A.B. asks: 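Before I ask anything, let me first share the structure, which is written out below as structure tokens.
All chains are named by letter (A, B, ...) in the order of the sequence lines, taking the proteins before the strands, and each is independently numbered beginning at 1. Given the structure is predicted, the values throughout are model-derived calculations rather than measurements.
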There are 2 protein chains.
Amino acid sequence: MTAPVTIADVARLAGVSAVTVSKTLNNTGRISEQTRARVIQAARDLGYVANPAARRLRGARTNLVGMVVPELVSPYFAEVARAAAEAASSAGLDLGVFTTSRDPARERERVAALSGGLADGLILVVPTDDPQHLDVLQRSRTPIVLISHFGTPTDLPNVRADSYHGAHAATTHLLDLGHRRVGFIAGADGSSQAHERLRAYRDATGERGLLDPDLIRPGNFTQRRGFEAARELLDLPDPPTAIFAASDATAFGAMDAVKDRGLRVPQDISVVGFDDIAAASQSHPALTTVRHPIHDMSDSALRLLSGALAGEAVRGTVLDYPSELVVRETTAPPRSS
Amino acid sequence: MTAPVTIADVARLAGVSAVTVSKTLNNTGRISEQTRARVIQAARDLGYVANPAARRLRGARTNLVGMVVPELVSPYFAEVARAAAEAASSAGLDLGVFTTSRDPARERERVAALSGGLADGLILVVPTDDPQHLDVLQRSRTPIVLISHFGTPTDLPNVRADSYHGAHAATTHLLDLGHRRVGFIAGADGSSQAHERLRAYRDATGERGLLDPDLIRPGNFTQRRGFEAARELLDLPDPPTAIFAASDATAFGAMDAVKDRGLRVPQDISVVGFDDIAAASQSHPALTTVRHPIHDMSDSALRLLSGALAGEAVRGTVLDYPSELVVRETTAPPRSS
DNA sequence: AAGATCTGGGTTAACGATTACCCAGACTGT
DNA sequence: ACAGTCTGGGTAATCGTTAACCCAGATCTT
């Protein structure tokens, strides 16, 4: 039950004033080498860490950045959080991750509490697309960076993942291999990313006159639904020879269905996923998929935030990161060709 | 760039003093209905949210709980974080998740910063087992709850996941099905959980005189290593008819290897995992595995923390949650029997 | 009817750290 | 030798909120 050690404790032990301790530890003001050494020693001995609340209240920096994500269980968000934590760490910042469970009210509270007095800056992943909410964000004094916000435009810096190009490339890849019937298992309704992926699939197949509505199945990003939807596709009178799933999990479900039918991937059926989660490269055969440059995105988000913290003007910046196709082992030319 | 609205702004608008606003909003002290209504209205109009830093500094509660985890990418920690966030939310608390990347120094910093002035309480998942570090934790004034700490004993409340029983049950399950050669793919060296799982496997096979060191392969919890290790096992002169993997990811890798050999799960080879990650129930065939009662554990951890926050004596509490076998579709009697 | 009690709200101080400002002594230059 | 500069460090004020006290007027006692 030891009370936390304060700056006064350190000052007492070092035989100086609290101000001198503060100056020493923050490298501000003039301090002699002797005193500096004494202070640092005392701080170390006591295990002193400045109280962030006090620091923040005084207007100084906390070096804490808050990240608000819808949830953490889907590998995508987990990966974004991890990449951001690493980027933050190498920028000398700490990252605290807060989840909203996709509850707009909770998102508002989190943002208010964090920007009000805990964090130096905020990174919002897929913020709720509510004009009023976004307006509040825009007026906030604490720097905010958006990740993958696609709705109502704002002038907040926004780092976006562009699903379209990757999805288009993936579909084209299958077409180029010789597939003429490529099935698509969609993502969740209402997700802008899901919408983009479907649009790209439609465009790519349409360009070659190979668009068949029967080959498009609804989905929800889950593995289970991937399994079912793939079954539906395989049960078609004229089944596809390749399946493009809107997420890796869905693709794994689809692969399960293919194997369950006694067919082989990729010899009988090619499968492509989307996201490049960790399991994609580790499964066997390794999944051909589309990768969001999550690391680059998180790096950029943190660079923008650091910039804003340092007073740079970052308003209006929009960084679009194209997704890219990663060809592994689950795609091959169709049997017939 | 609106400056955050402070309690003084609300006071001014409502025509009262700051203290009255504080009392009203915190339901402390006597306030007339009239005044109360005016204050609440003003606060709402201004969108006032108390500055957590100031509040915390004054010694009042932040309603923020910090959770420190090694990382977030492995589904296990992601799930623990999610369950804790839900439990926190229903206890009226917010949960901020911080990662350490398994860096002890970073863990110490995080804990110091959080307990020093950000969070009301802390939940530490798998804390570094350093006596000195643990001593600091034990002296901390802010309540701390440990999750799955197995090393140096402390009197901090500790909610533990017991891997042993579940792993023993899993092995016995395979043995009861008639398997006489059960392979084991271990977890990462140095993980106490990995050690317990191996110990249980050894005990369970040993009890029936079926322990064969050749059937034990090193692993590291990854899918890739599961694939390789399973190959090694299948290449044995007298290969196992069942494989018990120390994690679900490893089990998936093993299943890949089995299928890659043209064998079927569970007809030719049974596979059991450990953790019951989301993909376990969604894959096909659905994975037989061992589940940690993560939700119960997180609930308990938060209950303990809330209790401590409310002044209850929770020191010394140790809750051991047994892991339990979940039989799904990847286990069956061996071919020969 | 005069003290006691209650009501509703204000005053003051404090939390821990930082910043702006100040000052004593040592050193410089001419 | 005396004003100016530099060095090293201290004092006071401040951030936003709340707990501990206090007090004026209304209401209640007997």
A.B. asks: Verify, without hydrogens or angle tests, whether B:Asp320 (side chain) and B:Asp162 (backbone) share a donor-acceptor contact under 3.5 angstrom.
C.D. replies: no
A.B. asks: As a test of understanding, state which of A:Arg139, A:Gln132, A:His133 forms a side-chain hydrogen bond (donor to acceptor under 3.5 Å, both in side chains) with A:Asp135.
C.D. replies: A:Arg139
A.B. asks: Less than 4.5 Å apart, any side-chain heavy atom of A:Leu93 and any of A:Leu305?
C.D. replies: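 The answer is no; the side chains never approach within 4.5 Å.
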A.B. asks: Any heavy-atom pair between the side chains of B:Met297 and B:Ser300 that's under 4.5 Å?
C.D. replies: no
A.B. asks: Which of residues 106-115 of chain A sit near DNA chain C, with a heavy atom under 4.0 Å from it?
C.D. replies: none
A.B. asks: What closest approach, in Å, do A:Thr99 and A:Arg106 show between heavy atoms, and which atom pair accounts for it?
C.D. replies: O-CD, 4.2 Å
A.B. asks: Rounded to whole angstroms, how far apart are CZ on A:Arg56 and C1' on D:dT14?
C.D. replies: 15 Å
A.B. asks: If an axis is fit to five pairs at each end of the helix from C:dA1-D:dT30 to C:dT30-D:dA1, what is the angle between the two, to the nearest 10°?
C.D. replies: 40°
A.B. asks: For B:Ile7 and D:dC15, what is the distance between atoms CD1 and P respectively, to the nearest whole Å?
C.D. replies: 14 Å
A.B. asks: Sort me out a list of protein N/O and nucleotides 23-26 of chain C N/O pairs below 3.5 Å, or just none if empty.
C.D. replies:
none

A.B. asks: Quick one: the side chain of B:Arg55 and the base of D:dT17, do they pair up donor-acceptor inside 3.5 Å?
C.D. replies: no
A.B. asks: Once you round it to whole Å, what is the distance between P of D:dC15 and CZ of A:Arg58?
C.D. replies: 8 Å
A.B. asks: In the 5'-to-3' direction, what one-character label does each nucleotide of nucleotides 4-12 of chain C receive under the scheme B = base within less than 4.0 Å of a protein heavy atom, S = sugar-phosphate only, - = no such atom?
C.D. replies: ---BBBBBB
A.B. asks: Are A:Arg315 and A:Leu156 close enough that some pair of their side-chain heavy atoms sits under 4.5 Å apart?
C.D. replies: yes
A.B. asks: What salt bridge (charged side-chain N to carboxylate O under 4.0 Å, His left out) pairs are there with at least one residue in residues 72-90 of chain B, not counting sequence neighbours?
C.D. replies: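 Pairs touching residues 72-90 of chain B that pass the test: B:Glu79-B:Arg82, B:Arg82-B:Glu86.
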A.B. asks: With no hydrogens and no angle check, is any side-chain donor or acceptor of A:Arg55 less than 3.5 Å from a backbone partner on A:Ala60?
C.D. replies: no
A.B. asks: Please give me every residue in residues 44-54 of chain B whose heavy atoms get under 4.0 Å of an atom in DNA chain D, ordered by residue number.
C.D. replies: B:Tyr48, B:Ala50, B:Asn51, B:Ala54
A.B. asks: Measure the distance from CG on B:Asn63 to P on D:dT17 and round it to the nearest whole Å.
C.D. replies: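 My rounded result for the distance is 15 Å.
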A.B. asks: Would you say A:Phe77 and A:Glu71 make side-chain contact, with heavy atoms under 4.5 Å?
C.D. replies: yes
A.B. asks: What's the CG-P distance between A:Asp120 and C:dT18, to the nearest Å?
C.D. replies: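 Result: 13 Å.
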A.B. asks: Should A:Gln193 and A:Phe150 count as side-chain neighbours, where that means a heavy-atom distance under 4.5 Å?
C.D. replies: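 A:Gln193 vs A:Phe150: side chains touch.
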A.B. asks: Is the shortest heavy-atom distance from the side chain of A:Asp94 to the side chain of B:Arg110 under 4.5 Å?
C.D. replies: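 Yes - at least one pair of side-chain heavy atoms lies under 4.5 Å apart.
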A.B. asks: Without decimals, in angstroms, what is the distance between B:Arg61 CZ and C:dC15 C1'?
C.D. replies: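 Atom CZ in B:Arg61 sits about 18 Å away from atom C1' in C:dC15.
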A.B. asks: Closest approach of B:Ser148 and B:Ala161, non-hydrogen atoms and distance?
C.D. replies: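 For B:Ser148 and B:Ala161, the tightest heavy-atom pair comes out as OG-N, 3.4 Å.
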A.B. asks: Are B:Glu33 and B:Arg36 close enough, and set up right, to give a salt bridge (Lys or Arg N to Asp or Glu O under 4.0 Å), and what steps lead you there?
C.D. replies: CA-CA 5 Å; B:Glu33 264 318 309; B:Arg36 167 180 304 279; 3.7 Å; yes
A.B. asks: Do B:Asn63 and B:Asp120 have side chains that get closer than 4.5 Å, going by heavy atoms?
C.D. replies: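 Answer yes - side chains close enough.
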A.B. asks: Without decimals, in angstroms, what is the distance between B:Asn26 CG and D:dT18 C1'?
C.D. replies: 8 Å
A.B. asks: For the atom pair CG (B:Leu46) and CD (B:Gln41), what is the distance rounded to the nearest 0.5 Å?
C.D. replies: 10.5 Å
A.B. asks: Any heavy-atom pair between the side chains of B:Arg141 and B:Ser115 that's under 4.5 Å?
C.D. replies: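 Result no, sub-4.5 Å side-chain heavy-atom pair not found.
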